[in-house]
Every structure is written in C-alpha cells, then in structure tokens.
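All figures in this text were calculated on a predicted structure; none of them were measured in a lab. Every chain is numbered from 1, with letters handed out A, B, ... down the list of sequences.
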Amino acid sequence: MPELDAVAMEEGLIQTWGEEDTFQQSIEQRRGKKPFIFLEGPPTANGKPGIHHVVARTYKDLVCRWKAMEGFLVERKGGWDTHGLPVEIEVQKRLDLMSNPDIIEFGMEKFNDECRNSVWTYEDAWRKMTERMAFWVDLDNPYITLQDNYIESCWWALGEMFNKGLLFKGHKVLPFCPQTGTSYSSHEVALGYKEVEEPSVYVKFKLQNDDASVLAWTTTPWTLPGNVGLAVGPDVDYIKIKVNADSENWDGRGGAEIGEEMILAKDLFKGVIRHHCDIISEYKGSELVGMEYEPLFPGAVERGDSTTAWTIIEADWVTTTDGTGVVHTAVMYGEDDYNLGMAVGLPAQHTVGMDGSFLTGTHSELDGKYVKDCDDIIINLLSTEGKLYREKMYVHDYPHCWRTGHPLLYYAMDSWFVKMTAVKEKLLEFNDRVEWAPDWVGEGRFGEWLRNVKDWAISRERFWGTPLPVWVCVDCKHQHCISSKDELQTMMTSDSEMPKELHRPYVDNVKLNCPQCGENMEREAFVMDCWFDSGCAFFAQWHHPFDGGEALANSFPVDYICEGVDQTRGWFYTLLAVSTTVFDSPAYKRCLSLGLILDKEGKKMSKSKGNVIDPWDHFNREGADASRWYMVSAGAPWSPMKFDPNGVRETYARFFLTMWNIYRFHADYAALDNFDPEQSSVEERSLLDRWILSKTNAIAHEFHELLVSWDIHKAARVLEDFVVDDLSNWYVRRSRRRLWDENESSDKASCQHTLHEVLTVVSRLVAPISPFMVDQIHRNLNGTSVHLAEWPLNDDGASLPKRDEVLEARMSLVRQLAEMGRKIRVDAKRRQRLPCAEGWIVGGPDLSEMHTLLSEELNVEKISLEEDLDRFQKVEIQPNRKALGKKVRQELPQVLQALDELDDHEATLADIQAGRMSIAGFTITEDDVVVRRVERMGYSAMTIEVGENEVMIDVSIVLDMSIDDALLSKGLAREIIRRIQSKRKELDLEMESTIELDIWLSEECPELVEYDWEHVKAETRARTATLHEGEGPSNVDFFEVDGANISFKVN
RNA sequence: GGGCGGGUAGCUUAGGUUGGUUGGAGCACCCGGCUGAUAACCGGGAGGUCGCAGGUUCAAAUCCUGCCUCGCCCA
C-alpha cells in the first residue's frame, strides 16, 4: 500500500467518476423514486469563484448526496445568472463608456454583445472549481437567464402579475448622476462619498392666515423651487417667537425685521435664532398641521387637484436632531419626501430635468441652469424677497458619482413596481411554512423584512437584462404586458419584425397595435431587476408554462435551497415574491441560510484587503475532502466562519490521515491473509469487536439525527471523534496484536470482519460531506462506489450492527481506568515498559472480561477485582449543593464550611444516617450530602465517579509499584524489542522478513531470563539470535536503560 | 437610529434553554511516555477578569438591565 497522496487520489477519483459517469448513475439508479428537488441559486460567471463559493457549494452538495443515498431521486440542474448591473459595469469600465448616452452612442447592440460575452469570462474557472471540489451538479444542461426561453418564462410571470393588477408605474427616488444619465445602486453610491462644504439655508415660509413664518432648513437649496409642503413631528414642541431687537453679530445674507414672527422647534431655537426675541406661544406639531403658506416660487409647480399642497403636514420621522424641526418637502427629490407626498397627496412634479438643469417655467433666473450652479442665485432671490433668515456653510459627507466626481441628485425616476404590499399577509403565511435553518433567520430577519414589505421596484434604466415586456400606447396611454413570444407576434404592427432575440435593442424596435384605439404602442424602455430573473428560477428553468409542465408539477415547491444569509433580501425574497404573486404558494420548503466567510482575523474577505483565500491552495495541498470537512465542522452553517488555513491542515492530519491509516491497517493484513468478507464468516465476535460495532450503531444514529436537525457541524464532529478516539485510538490500538497472528484464528477473522463493517458504515456516513477518500475505501472494501450505496439509516438502522449499551458503558469505564492508570504511573515515575506486578479495581461493575485489555494497556501482569472496599478506599462526605441550597438558603456558606472542617467522615456518615447530624440548626440528611469512596492516601491509586443521575458509584484503580527481578527482566525484554522494531522500520524491512540478531548486555543490566529472551526473538522475527555479556563492539547500535548499556546488531 | 447574530486560554471553539463540585476540547508551546497502521497517539504542565458594569440569588459563563465591541441586513 503506497503512502497517502490525497490530492492524487482525489484527482484519480474525479477521472474515475468521469469515466463511469458515477453522478449520472447515482441519479439513474434512483429513477422512479420520490424526487428531492434542489434548486441551485445561480452564480454569475463574470467573477472569479472564491472560497465562499466553495462553502456554499459544499452545503448544497452534501444535502443532495445525503438525500440521494437515502433513496431520493435528486436531479441537480445547474444555473447561471447572466444579467445585471455588475456585468454592465465591467464592460463599461473596459470600454470606457462612462454614461448611458455613451453606451447609446457606442451602440446598444454592440454593448450587449460585449455583455453577453463577458458573462462567461470565468465559466471555465467555475467549472474547474465545481468539479475539483466534487459539487455534483449538471453543468451541461443548466438554465441560463439570458436565453430566450428563460426570458419568455419571466415575461409570462410578469404578465400574470400585470393581469392580477399587481404591476404599476410610479416613481422611485434614486441617487442619479445627470452627467452620465445613470442612477446608482447603493453599492455604487458607497464608492463615491466625499466630504464637502456647501451652503445651507434657513428659509421663512410665510403663513397665509397668520403673521408668522415657519422656518425650515435645507442643505440643498436647489430643491426649494420644488417645495410643496412642510413636515412637522406631531409630538414635537414648537414655539412662535417675536423679534424684539437686532442681532449684534450677523454673518451673510438674510435677517429679520423687529416685530417679525417665526415658528420653529422649541429644542432648536437657541442654535438657530440670532436675534433677541420673545416666545409668544407654544404648540404641538399636530396643532400646526393644515396651516397654509405662500409658495416660495409661485408657478414652479402646478397645484393640480392637490388639497394639501403648500400646507403643514405631519410626519413621524421628523426629529429635532438638526435643522429647525420643520422639514422642507420637495416630493421628487427625496425618498421620505416622495413617500410622504404620495401619502398625503402632494403634487408630484419635477422642477429639474434629467440633464440636471431647471425646467423652463421654474423661475426666469433659473430656467435651463444646472442646479448645483444655482445655490447662490437662489439664496439671493430669497434674500431680496425677505424669505431668507440665515445662510450657513455646512460640512457633510455627500454621495458623488464615482466616475465623474459630480454630486449625485436624489431624483424621482419613472419606475415600475410590483405591489408586494397587497400580498403581505400571504408572504407572511407562506414564510411560516418554510423550514428555516436557523429558524431565527426566517422568523427574525426575514420575517421582519416581510412585515415591512415595500412595493418592489422591478425596472432598471439599463441595457443588459430581461426587457420589461410592457408597451404603452403613444396616443391613449393604454398599457399592455406581453406574456409570450406568440402574443408578441400576434400583437405587433405589420411593419415590426420579430426580434432576433428577446433583448434590447431588438425588442425596442417592436411596436404593437393598441387594442383600445388602434394606434401604435411603444415598449417602456426598461430592463428588469436581475433579481426578478433569479426569482423566477424555479419555473423558468423548465421554460414553464411553455414546456416542462410536468417537470414543474413534480418539483414545486422545491425541497431545498441554500445560499448565504446575504440572500435574505435577495434571492430568498424574490423567489417567495414571485411564487406568492404568480403561484399563490411558497417557492421552497427548506432553506439553509449560511453565515458569511471571514478571514482568520474575523475580517470580511475582499480583494482590496488581499485576504482572499484561493480554494486551490487547499485543493492542491490537503485536498477537497479536508477542505470540505474543515468548513463543515468548523462551526454551525449559519455562523460566520473564520477561515483558518491551518485548520484545513489539522483536519487533514487528524481525521483523514487517521481514517486512511485505519483502512490501511485493515487492508495490509487483509492482503497478507487473503481476507475475503464474502468467503469467510465469523461465528462469534470478541468483546472489543462487539463494543466498536455497538458504538458504530450509536454514532450512525446520532450522526443522522444531527443532520436532520441541520446541526451539520455537530454531526461532523461526532463522527470525527468516533473515528479518531474510538476506532483508531482504542479499537485499532488494542487490536493490533490480533492481526499480527500468523495463524488462521477466529479472533483475527472477527477483527477483520469488524473493521470491514465499521469502515463501510463510516465511509457511507462521511460520503456526503467529503466524498473522495471514503469512496476509495468503499470501492476497495466492497467493490462499488459509496455514492451508489444505501444510507446506513435507510431501514431505520436495522442493518447496522447490534447495540449493547451495557457493554458501551463498561468499556467507557475501562478506558477511564486506563487513563487513570497511565496518570498513576507518571506520578509514580514508573516507565511504561517496566511492568507492574499487580493492579486492583475497587468497586464498580464486573469488568473481568476486560481485565486483559486493561492489563495490556497499562502493562500490568495481572488485574483483579478487589472485593474488600476498605482495603484501598475510605469514605468521604461532600456537600450536595443543590439540595443543601434549597434547604438552608443563606446559611449555605456556613454549612459548607462546617462540612469542610469534618475530619472523621466515617463517623459523620453514621451520625447522618442515625439523624444525629445537625449544622446551624439544620438536620443534615443523606439527601444533603454525597457519600463518596475515594482512594486512601499512600497508595498509587485514583478514584472516579461513574454512573448516571441517582446511581453514582466510585471506582478506584490501584497499581502495585514494587519491583523485582522478574519484572526487570520483562521490562528489559520490552526495551530491547522496541529498539529492534524501530531499527527494522528504519531499515525498511518487510513485516514478515526475518533478521539475525546479536545483543550485548553490560554488567549493570538486570538478568534477562530465558522466557523473556524467547519472547524477544519471537517478537522481532529473529531467525538466529545470540546473547552476549559485556559491552558490545563500538560499531553497533546501543542504548541505555536505568544506567545499563545495551548494544544490538540487526542483519 | 432599528433588527438579527457574535465576544469564553495566544488561536479555533464546547457549554448557555434546565443557575450548583475544580468552565471542557483541539492547535501551538514545555516536560515525560508509547509506537511494526499513524504525518500520529497517551499522560502531565503552563495558559481564563467566560467583553464591561450593575442587578436577582445562599450560588451566575448561564437569568435580568444598561453599556462597549465586531459582523450582517435595513434606515
């Protein structure tokens, strides 16, 4: 058996899987079985795959593999997300196209071609990563969001929403750059914050039926012509002041006459008003509501049918942290403003065009000018009209265009919405049906989001995406939403052509005949939010409803999705949004939400920080098995994971190497003995075998239960501990001698069968998480791939070996006693190789069957059960704090101290039993104390408490530390054996080859008796052996024990 | 500002719902031991204000309140 090269083994298996098409087989062999539907959240292949993608794909894969082994039909269709802003930005950067007009000039067709190509930049890298990490998914027949079929399904879904009256056109206030003609996502906005100093103004709004003015503050004077309302907090306190004297130090324009009256928030008045004045009355904000004021720029905005325009209105978000407690409201230039305006019916009219300059008719001095150049003009206008109280320079962070550096304007853009607020109750109800892991993401984070659901703005003023299939009549404004290619064909005008594909600019050229008036209809020039695309994945992947009706019927709602927690408001939401509005159903039954991946310092991984981990570093070093196992066992799936590269190394060394060596131990001897599990059978298993088989049963059940409850990390840890601690460090360690036996023995066969069985079960349990090494092991043991095998729990564990809990408990005790024995030896400075003559177990259950195990482990000649408890043990009384605390409460410290000061525990126990014991006025009963039997001083011994709950027993182990010649001889033999064995290993001898041995014992050596010498010869496979007295020649190996020199030579 | 989650040894973490003996592991470090499956393993040592401050209690890592801090999402 060659040394382990995990990477080579994994690469070899990938090839094997490719050749025998194991993935396809694993599906085909379960054809006809109940399906388990996994939906792949489509990645975008225009970014390089990173370690976080490996994490997500591991969780996706392991659940699918597990379910497949459970007997489900688990088809796994791949998918690619190919639309969206990041794609366009990438291309824009490369081609230096700064703005939408630039793109149009460059040519939309060419631009979209570039986008289409750019989408596949890293497809190969994704494929390689996917294959190398063994994520089994069908990448040869994936769904792709840019394909016409996919788009047609999305159109159909939008058509359904339109027909249900859920689609409407409104405005959305977005950060907008007039220079590039582009609105920005929050991500892009974050790129361009700059600290700037700008004029802010306190403006007097003269009331209609009152002498006073209301004072409002704004940092964007250019929005003042658009003012149509003043917002106050209903519970905020406001005051009316009257100027009674001039200000002593005035800076800049503006001012106030003596006798002038102004209204503002009480809390802010001191910081705002520079004049001497009297407070003449106080109001709650709610009392001001409804008061009318004079428009600042008459005629800039048409009143229309609004009854609330230029009045005071209430808004609960108004605070007194800055300004005047009165918020100037220009409906089209702020999100709060817009929402408030819609709620109370303010006119929604622009005063600024999309080029960033004032519209004609705003004001003669402003019309046609770029708004940011008008601050000064506006301030002057206000000042000369007596409408300015103060100006003040203001420093703040303001978002700027990350390309041009110009300030962004918050601007109400035309936008199409899905009326999610209309289906809020449904969303909540459907969400309740989803099994979330962890549950708090569903109830908390996601539930919170749904309870505050907003209408979904689904249109984007972009080029590369699913075109919005809404056409509007140029004449009668009738709207129509196209639901299919056929419908498009039927409705388009005779001079339109069917688009060559369902993208811009081709669809833009199609005109429809208006069913209302017969005029032409033109498409609304938007593309859809790419989240809409992916939200349609569960049916669009089958081209529903045009094809694959059956595929959908069998696969909806899907059983399982799994993505990062950042998808809560992304994909998790859009799937539910689409399924609720279109299908009146949840989209998925189970959702595993994964934590973010951080570097080992807990920082987010990002290219700029340079702390991104390349998965290939680990694939090529420890392999994909260790990488996957590490990621899964490092913490709960939903916890943020600090990725420590060293952890992968540890996982490899501790778990995989150990597992491989267990396998190799079995395989080496199986090969020597021509072991065949089919041919031979075994009547009776030894105690050790029955124990590890019982543990295997227990661990398989536990592992399964933990997977079911999504505690995947705990499952992995439990299994790892079993393999390392139970299987390797106890079962195999204590079984080595059994397989060394060269004769056929039933005990050896029992051991081989046991290892074969246990390794088979372990392989199957590990397979979903780390699919490589265990497949190799399973193939070698059973001749078939583990991925085609049955899950060990499929028959509720009936095929697993028998459980024997009594045996498990006893073995657990023996192992604890072994540990104690080793500790005793260290304390007594007794070398492990020097045997002890005798050992005693005091108390506890009958472990006589296991005495041999223990004596071998502890190198004790003989272990026996000591019946006379008092020989090595004494009674000790300890407080039962729980019982005593309830009884004596605050007297507990005294009682504890009194108990601690007892010296004759034996007598005290008698008193307690007789009811004669009392402390601080409390009678101490047997329930108040724990009676323990612990080792007596002066013995090399240790005691442990074993049992459960009520029945606790003390068990001690005692070792005899005396030395005699027989022991010394045995110890010497063992020293010699160990040196020669390591020499054999050093010489790289075959296990079965024999040697010629010479030993020289110096005078100081204890006598090596004949029996032990024979033992040396047998153990070291010495063909000839000679024992010399005195110092050995200088050219041979030599070592020292207890001051005596021993030399030896191996040929 | 709001919601959710975290903060335990140098590092990674268990425990926390049910308050009760000395807060468990692994890695790394030191000492010792063992070894013909093992790159391992076993025993010991050192390393902890269980984020901080209050509170409840005879008793708090655990329950309560406030704060600090990190992460994500939202505003």
Task: Short side-chain N/O contact to B:C34 OP1/OP2 from A:R833, under 4.0 Å - done: yes

Task: N-O pairing of A:D726 and A:R815 below 4.0 Å - done: yes

Task: Partner of A:Y630 by ring pair (Phe, Tyr, Trp, His ring centres under 6.0 Å), out of A:F656, A:Y652, A:F643 - done: A:F643

- [ ] Considering just the side-chain nitrogens and oxygens of A:N646, establish if one lies under 4.0 Å of OP1 or OP2 belonging to B:C11.
- [x] no

- [ ] Decide side chain to side chain contact (heavy atoms under 4.5 Å, CB included) for A:I777 and A:W660; before the verdict, give the C-alpha distance in whole Å, the side-chain angles of both, and the deciding distance to 0.1 Å.
- [x] CA-CA 8 Å; A:I777 292 175; A:W660 185 249; 3.8 Å; yes

TODO: Could you tell me whether A:R932 and A:E876 make a salt bridge, using a distance below 4.0 angstrom between a side-chain N and a carboxylate O?
DONE: no

Task: Under-3.5 Å donor-acceptor pair between A:T658 side chain and B:A37 base - done: no

Open item on the list: Whether A:Y652 contacts B:A39 is assessed here as follows: a side-chain N or O lying under 4.0 Å from the phosphate OP1 or OP2. Is that the case?
Closed with: no

- [ ] Kindly say if A:K714 contacts the phosphate of B:G15, meaning a side-chain N or O under 4.0 Å from OP1 or OP2.
- [x] yes

Open item on the list: I want to check one thing: is the phosphate of B:G43, taken as OP1 and OP2, less than 4.0 Å away from some side-chain N or O of A:K823?
Closed with: no

Open item on the list: Between A:R830 and B:G33, is there a contact of a side-chain N or O with OP1 or OP2 at under 4.0 Å?
Closed with: no

Open item on the list: By nearest heavy atom, map A:R881 and A:Y630 onto RNA chain B; which one lands nearer the 5' end?
Closed with: A:Y630

- [ ] Would you mind telling me which of B:U35, B:C4, B:C74 lies closest to the side-chain atoms of A:R569?
- [x] B:C74

Task: Phosphate OP1/OP2 of B:U35 contacted by A:R974 side-chain N/O (<4.0 Å) - done: yes

Open item on the list: Does B:C42 have OP1 or OP2 under 4.0 Å away from a side-chain N or O of A:R822?
Closed with: no

